[in-house]
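Please read the structure below before turning to the comments.
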Protein chains: 2
Amino acid sequence: MSGSSTRRPTRQQAAVAALLERSSDFTSAQTLHARLRESGDPIGLATVYRALQSMVEAGTVDVLRTDDGEAVYRACSTHHHHHLVCRSCGRTVEVEGPAVESWADRVAGEHGFSDVTHTLEIFGTCAACATTST
Amino acid sequence: MSGSSTRRPTRQQAAVAALLERSSDFTSAQTLHARLRESGDPIGLATVYRALQSMVEAGTVDVLRTDDGEAVYRACSTHHHHHLVCRSCGRTVEVEGPAVESWADRVAGEHGFSDVTHTLEIFGTCAACATTST
DNA sequence: GGCGATTTTGACAATCGTTCTCACTTTGAG
DNA sequence: CTCAAAGTGAGAACGATTGTCAAAATCGCC
Ligand SMILES: [Zn+2]
Ligand SMILES: [Zn+2]
Ligand SMILES: [Zn+2]
Ligand SMILES: [Zn+2]
């Protein structure tokens, strides 16, 4: 069987998945690895990367890049959505915008592009951080 | 007067800027460096990075990250816009969507976020590549 | 429960884009 | 011209990610 890449379930993969479920913000592989170790979960860094990779492929985890190119991961709902992220504390809100979806498809179509996808993230300072820092 | 961070004009910076003007697609620093060298323009890699960095800060060059985290650069118009990029050949079209801009700001505001920015890129297969590959 | 084929793991090395270092060169004001 | 300030570049350093490969875990089967 081809297609679906079902991996054998292991303690390590479960640990990564569980930690992601518990985290509400986008988190880097290195940070996840460090947290798992701290909490007494022995796991190799390469294994964390592999687990994240397969979860991203499976669509159960979203990944995006910070400004300095580091990949950060988050367990999200599986339907299509985007993110509103606090630049300061990392607080993340899932948002949807049907109008944006159709706009992107229409614009791409007008220029003769097919097989269209897009990336869209919104960054700002959340209310909590705004009061704190000022 | 100082104020703005104007850099001293040099042959190398001009070469990077000129090459970017000539390129219609997003290009990596390494590629730009290689092209400059090929065309007989002696220049160091670090200098290419520095030139790109200051142009990005000055707002005369746009930068985005490829899926594998590499930064790619392009000389774009200076007003706010987004990009429609061919996944196959790299052809890039600048696009604008006032509706998207206001949507992003509104959504962020509804969640109490301030100082809002966003990133938005559209990817697809351009007409030329669609016919070629099939 | 035990067995062997197959997959996963993990310590470590390797890769790769990017930044840093620092001696040398270029620039530009006086 | 002269000199201080700014820019350059070869190579070292860096940090995130991926590759390696022997040891360990898993699964289907007896
Ligand atoms: Zn915040
Ligand atoms: Zn969308
Ligand atoms: Zn194309
Ligand atoms: Zn915009």
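Every chain is numbered from 1 and lettered A, B, ... according to where its sequence line falls, protein lines coming before strand lines.
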Quiz item: Between A:L64 (CG) and D:dA16 (C1'), how many Å, whole number?
Solution: 16 Å
Exercise. Look up atom NE2 in A:H33 and atom OG in A:S28, then write down how far apart they are to the nearest 0.5 Å.
Key: 11.5 Å
Quiz item: How long is the line joining NE2 of B:H33 and P of D:dG11, in whole Å?
Solution: 12 Å
Quiz item: In terms of side-chain heavy atoms, does A:D68 have a donor or acceptor partner in A:T66 at a distance below 3.5 Å?
Solution: yes
Exercise. Round to a whole Å and report the spacing from CZ of A:R8 to C1' of D:dA25.
Key: 8 Å
Pairwise N/O distances under 3.5 Å, protein to nucleotides 13-19 of chain C:
unit_1	atom_1	unit_2	atom_2	d
C:dT18	OP1	B:A71	N	2.9
C:dT18	OP2	B:Y49	OH	2.5
C:dT18	O5'	B:Y49	OH	3.3

Quiz item: Considering only side-chain heavy atoms of B:R50, which listed nucleotide, C:dT8, C:dT21, C:dG10, is closest?
Solution: C:dT21
Quiz item: To the nearest Å, how far apart are B:D41 CG and D:dT8 C1'?
Solution: 14 Å
Practice problem: For the pair A:E21 (side chain) and A:A75 (backbone), establish whether a donor and an acceptor sit closer than 3.5 Å, ignoring hydrogens and angles. | Solution: no
Quiz item: Checking all strands, does B:T10 fall into the base, sugar-phosphate, or nothing category for heavy-atom contacts under 4.0 angstrom?
Solution: sugar-phosphate
Quiz item: To the nearest Å, how far apart are A:L52 CG and C:dT8 P?
Solution: 15 Å
Quiz item: Side chain of A:R7, base of C:dT7: donor and acceptor closer than 3.5 Å?
Solution: no
Exercise. Please check if atom CG in A:D67 has more than 12 non-hydrogen atoms from other residues, nucleotides or ligands closer than 6.0 Å.
Key: no
Quiz item: Where the side chain of B:Q12 is defined as all heavy atoms beyond and including C-beta, which of C:dT9, C:dG10, D:dT8 is the nearest nucleotide?
Solution: D:dT8
Self-check item: side-chain contact (heavy atoms from CB on, under 4.5 Å) between A:R35 and A:L19, intermediate numbers included
Solution: CA-CA 9 Å; A:R35 293 217 185 121; A:L19 178 51; 3.9 Å; yes
Self-check item: Donor + acceptor pair across side chains of B:H118, B:H82 (<3.5 Å)
Solution: yes
Self-check item: Whole-Å distance separating the CG atom of A:D68 from the P atom of C:dC20
Solution: 12 Å
Exercise. To the nearest Å, give me how far apart CZ (B:R11) and C1' (D:dA6) are.
Key: 16 Å
Practice problem: Check the side chains of A:H80 and A:E96 for a donor-acceptor pair under 3.5 angstrom, ignoring hydrogens and angles. | Solution: no
